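To start, the structure under review is shown below, and the notes come after it.
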Amino acid sequence: MALLFSDEEFQQAWTELDQPMLDGGWEFFTETMNVKIYRLYNKETGLYEYKVFGSLPSCSPDLLADVYMDLNYRRHWDSYAKELHEKDYSGQKAIYWEVKYPLPLSNRDYVYVRERRDLDAGGRKIWVVLAKSSCVSQCAEKRGVIRVKDYKQSLAMESDGSGGTKVFMNYFDNPGGMIPTWLVNWAAKTGVPAFLTDMKKACNNYANYCTNNK
């Protein structure tokens, strides 16, 4: 099976842990909970791509990576995940994810592939997860649910030296449909801190979950 992501893509994903690359139109968007968010306007879509820099205290990077990868567990703690599972589509593994949207908006769903690598970069232990949309014809679109066909995300994590995790994330998705710009901006501003809060709780509860679901 063809490689989903190249070595270069993994290398590129973690370089900004050291030095943010914000040339070429990136602008500061918001700061909250030890996290700074920058955005870049995409003329073709009228939407923004985002870069997130920050730290997650009291959660180690290996634990954070395990929690992030565990789809069964995410269905327990992520209230927006209506459906989430990995499936084999004619030899190609892909993840199906339906996200709840508030009424009167339609739910969105994603079909995507992802890969995790635990890297040794000159003695530094770095965890990287890459994800991108995948065209899987066997996964038919649902009536009343809008398929997100343009999605990408890279996540890099390493220890912050004091029991927490230093994090860099780069992501873009085009939710499609008619969503007002102000609502997209509001979701970006409130969604990241809410997600980080949920992730912290999920990390704290993961050991109990694993014990109870052996």
Side-chain angles (χ1 to χ4, degrees), residues 3-42 47-71 73-74 77-78 95 97 110 112-134 150-173 185 187-204 206-207:
L3 287 173
L4 299 176
F5 303 93
S6 67
D7 292 343
E8 289 76 18
E9 286 176 289
F10 277 93
Q11 165 80 23
Q12 189 179 1
W14 66 263
T15 52
E16 292 188 67
L17 280 169
D18 293 329
Q19 184 61 49
M21 295 163 58
L22 299 169
D23 295 335
W26 287 93
E27 63 180 26
F28 176 75
F29 180 46
T30 189
E31 181 173 4
T32 180
M33 292 177 59
N34 302 313
V35 168
K36 288 183 178 178
I37 305 175
Y38 294 82
R39 65 183 186 179
L40 179 67
Y41 186 68
N42 183 311
L47 299 168
Y48 287 94
E49 180 178 348
Y50 295 93
K51 286 184 176 181
V52 179
F53 304 89
S55 62
L56 205 61
S58 69
C59 183
S60 64
D62 55 335
L63 173 60
L64 186 59
D66 288 347
V67 168
Y68 190 78
M69 293 295 289
D70 193 329
L71 300 180
Y73 183 43
R74 182 159 184 169
W77 62 263
D78 186 349
I95 294 168
W97 179 30
Y110 300 71
Y112 67 98
V113 292
R114 70 173 179 178
E115 184 180 347
R116 167 183 166 176
R117 291 190 194 175
D118 301 352
L119 306 174
D120 184 329
R124 294 166 62 185
K125 187 76 183 286
I126 298 174
W127 290 257
V128 177
V129 181
L130 301 182
K132 63 183 176 183
S133 299
S134 176
D150 190 4
Y151 163 72
K152 65 173 184 177
Q153 184 178 57
S154 61
L155 176 65
M157 300 158 280
E158 73 171 329
S159 171
D160 65 2
S162 56
T165 301
K166 189 177 179 183
V167 175
F168 166 65
M169 183 168 65
N170 183 195
Y171 72 94
F172 173 82
D173 75 25
N185 287 338
K189 229 168 204 176
T190 60
V192 170
F195 180 72
L196 291 174
T197 300
D198 288 345
M199 276 295 289
K200 207 182 289 186
K201 287 180 188 169
C203 286
N204 292 338
Y206 193 49

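From a predicted model like this one, the values you see are computed outputs, not experimental measurements. As a basis for the values below, the full set of heavy atoms in this structure was taken, side chains included, without hydrogen atoms, waters or symmetry mates.
- Remark: K200 NZ to S58 OG distance equals 5.5 Å, nearest 0.5 Å.
- Evaluation of the ring pair (Phe, Tyr, Trp, His ring centres under 6.0 Å) rule for Y48 yields Y41 as partners, not counting sequence neighbours.
- With sequence neighbours excluded, the residues forming a ring pair (Phe, Tyr, Trp, His ring centres under 6.0 Å) with W97 are Y110, listed by chain and number.
- Partners of T197 according to the side chain to side chain contact (heavy atoms under 4.5 Å, CB included) rule, which considers only residues two or more places apart in sequence or in another chain, are M33, K201.
- Counting heavy atoms from C-beta on, the side chains of Q12 and L130 never come closer than 4.5 Å.
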Please output the side-chain donor-acceptor pairs of residues 121-129 that fall under 3.5 Å, not counting sequence neighbours, one pair per line with the distance.
unit_1, atom_1, unit_2, atom_2, d
R124, NE, E158, OE1, 3.3
R124, NH1, D18, OD1, 3.3
R124, NH1, D18, OD2, 2.8
R124, NH2, D18, OD1, 3.0
R124, NH2, E158, OE2, 2.6

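- Partners of Y50 according to the ring pair (Phe, Tyr, Trp, His ring centres under 6.0 Å) rule, which considers only residues two or more places apart in sequence or in another chain, are F29, Y171.
- Nearest heavy atoms, S60 versus T165: C-OG1, 3.1 Å.
- S55 meets the side chain to side chain contact (heavy atoms under 4.5 Å, CB included) test with N34; sequence neighbours excluded.
- Annotation: the span from L4 atom CG to S134 atom OG amounts to 8.0 Å, rounded to 0.5 Å.
- At least one side-chain heavy atom of M199 sits under 4.5 Å from a side-chain heavy atom of V67.
- Pairs of residues two or more places apart, or lying in two chains, that qualify as salt bridge (charged side-chain N to carboxylate O under 4.0 Å, His left out) and include a residue from residues 19-37 are E27-R39.
- No salt bridge links K132 with D173; every basic N to acidic carboxylate O contact stays at or beyond 4.0 Å.
- Residue L155 holds its CG atom at 6.5 Å from CG of L64, rounded to the nearest 0.5 Å.
- Side-chain contact between I95 and R114: present, with at least one pair of heavy atoms (C-beta onward) separated by less than 4.5 Å.
- For F53, the ring pair (Phe, Tyr, Trp, His ring centres under 6.0 Å) partners at least two apart in sequence or on another chain are Y38, F168.
- Every residue meeting the side-chain hydrogen bond (donor to acceptor under 3.5 Å, both in side chains) condition with E9, not counting sequence neighbours, appears here in chain and number order: S6.
- Evaluation of the side chain to side chain contact (heavy atoms under 4.5 Å, CB included) rule for Q11 yields W14, T15 as partners, not counting sequence neighbours.
- For P61 against S159, the heavy-atom pair with the smallest separation is CG-N, 3.5 Å.
- Counting only residues at least two apart or in different chains, salt bridge (charged side-chain N to carboxylate O under 4.0 Å, His left out) contacts with residues 50-71 comprise E16-K51, D66-R116.
- More than 12 heavy atoms of other residues, nucleotides or ligands shown are found within 6.0 angstrom of CE on M69.
- For D150, the side chain to side chain contact (heavy atoms under 4.5 Å, CB included) partners at least two apart in sequence or on another chain are F172, N174.
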What's the verdict on side-chain contact (heavy atoms from CB on, under 4.5 Å) for L196 and L56, showing C-alpha distance, side-chain angles and the deciding distance?
CA-CA 8 Å; L196 291 174; L56 205 61; 4.0 Å; yes
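- The closest side-chain heavy-atom distance from M169 to Q153 is below 4.5 Å.
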